[in-house]
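For clarity, every value in this text was computed on a predicted model and none was experimentally measured.
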Amino acid sequence: GINMKKLLLLIALGLSFAFAGSVAPADNAQYQKECASCHFGYQPALLGKASWEKVMGNLSDHFGTDASLSKVESEQILNYLVTHAGSGKMTANNSTMQITKSPYFIKEHRKISANLIAQKEVNSIANCLACHTTADKGNYSERAIVIPNYGRWE
């Protein structure tokens with residue numbers, strides 16, 4: 001028979017495969033209130049620490065919008081973001097403020113044609129939820145991709 005150690009190892013391996021393409025959800029209430037009320041609540045793991053510091057460093061010009069917060073709110077959100085910031089292949093070689101500029105992101109989206117991105121249902125490569133149906137939960141698995149006017153990504 002199978003012993004408990006082997007069973008736990010198999011379960012752990014299964015979970016790691018099941019969650020490939022997943023990041024921790026953005027579950028901070030203040031971040032949700034101040035940031036995710038205006039745009040998709042990008043998970044902190046999608047950018048590195050230096051990038052989050054840039055994002056939070058000039059909220060008065062946040063991609064053309066004034067998203068200013070009090071000093072205390074800004075520091076609390078920055079602390080949450082940098083504490084949960086990403087590392088490794090997902091954020092490597094991206095010191096910008098944009099998730100879409102990371103080589104990993106570009107590689108993962110290279111086969112998506114411009115017309116699928118430009119359509120009104122998507123409108124921007126930064127509109128994760130348009131195609132990644134479980135992105136809000138931090139799950140970017142290929143099994144959960146449905147591109148508007150195209151269908152499942154195979």
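Among all heavy-atom pairs drawn from Leu47 and Gln98, the shortest one is CD2-C, 3.9 Å. Across all their heavy atoms, Ser68 and Asp66 have their closest contact at OG-OD1, 2.5 Å. Annotation for Ala26 and Tyr42: closest pair CB-O, 4.2 Å, computed over non-hydrogen atoms.
A donor-acceptor pair under 3.5 Å links the side-chain atoms of Glu73 to the main chain of Ser70, judged by distance alone. Remark: side-chain polar atoms of Lys54 are paired, donor with acceptor, to backbone N or O of Ser95 under 3.5 angstrom. For Glu34 (side chain) and Tyr31 (main-chain N/O), no donor-acceptor pair under 3.5 Å exists by modelled atom type.
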side-chain contact (heavy atoms from CB on, under 4.5 Å) evaluation trace for Gln32 with Ser37: CA-CA 6 Å; Gln32 287 295 326; Ser37 62; over 6 Å; no
Derivation of the side-chain contact (heavy atoms from CB on, under 4.5 Å) call for Thr91 and Leu46: CA-CA 7 Å; Thr91 61; Leu46 298 178; over 6 Å; no
Test side-chain contact (heavy atoms from CB on, under 4.5 Å) applied to Asn79 and Gln76, step by step: CA-CA 5 Å; Asn79 183 52; Gln76 289 171 340; 5.7 Å; no
Chi angles and distances behind the side-chain contact (heavy atoms from CB on, under 4.5 Å) call for Ile77, Cys35: CA-CA 9 Å; Ile77 291 172; Cys35 307; 4.2 Å; yes
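Among residue pairs with one or both ends in residues 129-138, none qualify as side chain to side chain donor-acceptor pair (under 3.5 Å); sequence neighbours excluded.
Using cut-offs of 30° and 60° on the angle between ring planes, the pair Tyr150 and Trp153 is tilted.
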